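Every chain is numbered from 1, with letters handed out A, B, ... down the list of sequences. Small disclaimer: the values here were computed from a predicted structure and weren't measured.
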There are 2 protein chains.
Amino acid sequence: MKTIADIARLSGVAKSTVSRYLNGGSVGELTKKKIERVIKETGYIPNTFAQSLKAKKPNIIGTIVPRLDSYATSQTLIGIDEQLRELNYQMLISNTSQDLDREIENIYTMARQKVAGIILLATQITDTHIEAFQQLQIPILLVGQQHQAVYSLIHNDFEAGYDIGKYVIAKGHRKIAYLGVTEQDIAVGVNRKKGFTKAIQEAGDCEVKYYETSFKMAEAIKRVPDIIDKFNPSILVCATDNIALGALKAAHLKGINVPDHLSITGFGGYEVTEIIHPSLTTVQFFYKEAGQVAAQSMVKLINSEELAPIILSKYKIIERESVDNLLSGKL
Amino acid sequence: MKTIADIARLSGVAKSTVSRYLNGGSVGELTKKKIERVIKETGYIPNTFAQSLKAKKPNIIGTIVPRLDSYATSQTLIGIDEQLRELNYQMLISNTSQDLDREIENIYTMARQKVAGIILLATQITDTHIEAFQQLQIPILLVGQQHQAVYSLIHNDFEAGYDIGKYVIAKGHRKIAYLGVTEQDIAVGVNRKKGFTKAIQEAGDCEVKYYETSFKMAEAIKRVPDIIDKFNPSILVCATDNIALGALKAAHLKGINVPDHLSITGFGGYEVTEIIHPSLTTVQFFYKEAGQVAAQSMVKLINSEELAPIILSKYKIIERESVDNLLSGKL
DNA sequence: CTGAAAGCGCTTACAG
DNA sequence: CTGAAAGCGCTTACAG
């Protein structure tokens with residue numbers, strides 16, 4: 001590998017001159033030509049490590065994700081990437097495969113790589129996280145979860161849960177099964193459910209049962225038949241689209257018509273929910289936009305600009321075919 | 001930010017001693033204790049740039065992907081990531097958003113960051129690519145596409161196309177619409193189709209029409225109705241699962257029963273293809289495994305070990321509900 | 001416009 | 001076991 005010294009020697013100038021050429025400083029025409037030629041010939045590529053060692057202004061932002069194979073993650077990542085590129089930052093992605101220890105580890109590794117800041121697509125925030133954040137002293141932005149100790153961008157899970165609750169009630173459903181996830185996940189497991197519960201309580205006179213399942217389709221497919229047999233709700237309100245998709249499959253497998261005999265709703269707004277038959281009524285979150293906002297916010301943080309400690313991302317209920325209107329008076 | 005010099009000063013030893021402590025060299029018990037304390041107190045984190053500048057043995061491997069929101073990409077990435085971690089390498093992901101210029105640019109950027117090698121989830125290989133590869137002189141591995149100038153890991157598109165062709169024929173289909181993609185994509189656009197065509201030719205006496213669409217579901221949804229109206233095939237052989245999913249949706253929209261009135265097949269083995277109704281008969285590729293093999297191969301390349309220029313990844317036809325057996329004699 | 005020199009934060013022989 | 005010194009490849013005042 002060639003170094004700047006080689007280029008300098010080969011073109012008969014000083015290293016500083018080559019460096020200036022590289023960084024757009026003032027260099028004479030002839031000198032420029034010579035250096036240009038040598039660089040082309042040798043295929044010289046500057047060593048970023050050496051550059052960063054001096055420059056000291058890192059322009060790379062780390063993003064830590066719990067998994068790569070999720071619509072929410074991909075979309076958020078795309079949003080972050082797009083925006084960061086526009087703001088002249090580079091993104092470094094690190095995957096934890098849903099392993100919290102690895103997550104902590106990755107936070108330290110990224111800090112060691114001198115990222116300008118870390119965007120964490122969070123699932124749970126533990127004390128170890130907070131400790132790491134405090135120790136590191138670099139800008140941290142949580143996406144998807146919130147914590148008072150650090151800046152957060154969240155989807156408005158509570159409101160969204162509340163709205164879907166109201167919606168379901170408005171459609172005449174009174175016997176409702178809510179398929180949630182672990183309460184360790186504050187955003188999905190707690191807030192969505194809380195919002196939903198509030199709507200139900202306001203409505204009064206409902207029979208609701210809460211179930212807990214995982215984020216995996218397969219588990220929903222297994223759980224749902226039993227729920228139907230034992231509780232027989234008119235609707236399944238699922239805390240994620242994946243769960244809803246699993247529920248839909250389970251219903252098909254049991255020969256239950258959706259929405260005529262059973263309604264189903266999801267959360268997320270995954271692309272496939274529109275493609276399937278029946279298409280799924282769900283709460284759409286704007287992951288890509290959230291990613292963009294996350295990127296912008298992170299850059300603000302880096303530049304020590306003002307930023308609200310909690311940023312709320314929007315959502316929208318998408319009415320499709322999977323919910324029956326019990327009040328429509330049809331047969 | 002603290003440096004190794006600070007730690008040395010604070011613990012009253014030389015920088016070299018701290019460095020040795022950090023890298024597991026021989027250090028006296030007392031010295032060790034002192035340094036340990038200071039590091040804990042200060043929250044010192046070594047600067048990787050400075051480390052890399054000396055060490056010279058990069059352990060980070062770059063992966064360039066055309067898009068983040070695809071099943072194939074995520075799965076491959078997961079496989080690469082897992083395997084790399086096991087082999088003590090780190091993965092750096094860079095997304096090009098299907099922009100070839102950006103792809104080239106990213107190749108150079110990664111080289112500048114001194115990655116040990118680059119895994120490229122390729123779509124098209126142009127002369128500019130080859131030029132970059134030659135210029136860079138670092139190990140490159142193509143995944144998904146092949147090119148004689150560089151090592152490649154590909155899915156066996158030709159064979160897979162051939163097999164699905166045989167399968168379709170075996171089910172009695174003779175009036176077939178093949179929905180392919182641009183021939184600029186050698187793997188998907190050319191090889192799958194070629195394999196399929198070979199099977200058809202061997203069967204003889206078939207009416208086949210070839211159509212070209214994009215990788216987007218939405219476009220398939222738009223194209224398919226017209227194909228049905230004008231050609232009315234008994235089966236739609238789609239070059240990707242996304243196209244098949246779009247076709248399925250289009251059929252639903254038209255009120256056409258799949259598979260009774262129209263059969264559909266895909267390529268890919270995406271998770272949703274199993275969940276939807278009817279579930280989709282498709283060719284499953286093993287993306288995650290391919291990613292693992294890619295990671296292993298890359299490390300071999302880095303260590304200058306032997307490697308076959310073309311590695312074939314496996315596939316499997318998954319029979320599900322979307323294909324009707326015209327020969328079964330049912331009504 | 002150009003060059004010599006110092007320094008970024010670390011590691012690694014080499015002495016002791 | 002420990003330290004002084006050189007060096008990794010670059011950048012950046014500072015002179016000229």
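A search for salt bridge (Lys or Arg N to Asp or Glu O under 4.0 Å) contacts involving Arg102(B) returns nothing, not counting sequence neighbours. With sequence neighbours excluded, the residues that form a ring pair (Phe, Tyr, Trp, His ring centres under 6.0 Å) with Phe285(A) are His155(A). Evaluation of the salt bridge (Lys or Arg N to Asp or Glu O under 4.0 Å) rule for Asp6(A) yields Arg9(A) as partners, not counting sequence neighbours.
As a whole-Å value, the separation of Arg20(A) CZ from dT2(C) C1' is 6 Å. Remark: C1' of dT2(D) and CG of Leu22(B) are 16 Å apart, rounded to the nearest angstrom. When rounded to the nearest whole Å, the span between NZ of Lys34(A) and P of dC1(C) equals 15 Å. Put simply, NZ on Lys2(A) is 12 Å from P on dC10(D), counting in whole angstrom units. Atom CG in Leu53(A) sits roughly 17 Å away from atom P in dG7(D) (whole-Å rounding). Distance Asn47(A) CG to dC8(D) P: 12 Å, rounded to the nearest Å. With rounding to whole Å, Ile35(B) atom CD1 is found 13 Å from dC1(D) atom P.
Between Asn23(A) and dT11(D) there is a side-chain polar atom (N or O) within less than 4.0 angstrom of OP1 or OP2. At the phosphate of dC10(C), neither OP1 nor OP2 sits under 4.0 Å from any side-chain N or O atom of Tyr21(B). A close approach under 4.0 Å does occur between a side-chain nitrogen or oxygen of Thr31(B) and OP1 or OP2 of dT2(D). An OP1 or OP2 oxygen of dT11(D) is reached within less than 4.0 angstrom by a side-chain nitrogen or oxygen of Gln51(A).
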Do any side-chain atoms of residues 19-30 of chain A form donor-acceptor pairs under 3.5 angstrom with protein atoms, and if so which ones, sequence neighbours left out?
from, atom 1, to, atom 2, distance (Å)
Ser19(A), OG, Asn23(A), ND2, 3.4
Tyr21(A), OH, Glu36(A), OE2, 3.3
Asn23(A), ND2, Ser19(A), O, 2.7

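Listed by residue number, Val13(A), Ala14(A), Ser16(A), Thr17(A) are the residues of residues 6-19 of chain A with a heavy-atom contact under 4.0 Å to DNA chain C.
The salt bridge (charged side-chain N to carboxylate O under 4.0 Å, His left out) contacts involving residues 297-310 of chain A comprise nothing, where partners must be two or more places apart or lie in separate chains. Pairs engaging residues 136-151 of chain B under the side-chain hydrogen bond (donor to acceptor under 3.5 Å, both in side chains) rule: Gln145(B)-Asp185(B) [sequence neighbours left out]. Residue pairs meeting the salt bridge (charged side-chain N to carboxylate O under 4.0 Å, His left out) criterion with at least one member in residues 40-50 of chain B, sequence neighbours excluded: Arg37(B)-Glu41(B).
Along DNA chain D, the nucleotide nearest to Gly28(B) and the one nearest to Pro46(A) differ in position, and the one closer to the 5' end is contacted by Gly28(B).
Between Gln90(A) and Leu84(A), the closest heavy-atom pair is O-CD2, 4.3 Å.
Thr182(B) places a side-chain N or O within 3.5 Å of a backbone atom of Gln184(B) that can act as its donor or acceptor partner.
Here dC10(C) is the nucleotide among dC10(D), dC10(C), dA4(C) with the atom lying nearest to any side-chain atom of Ile4(B).
For DNA chain D, each stem of at least three Watson-Crick or G-U pairs (distances under 3.5 Å) is given as range with range: C:1-3 with D:14-16, C:5-12 with D:5-12, C:14-16 with D:1-3.
Residue Ser26(A) is in base contact, counting any heavy-atom pair closer than 4.0 Å across all strands shown.
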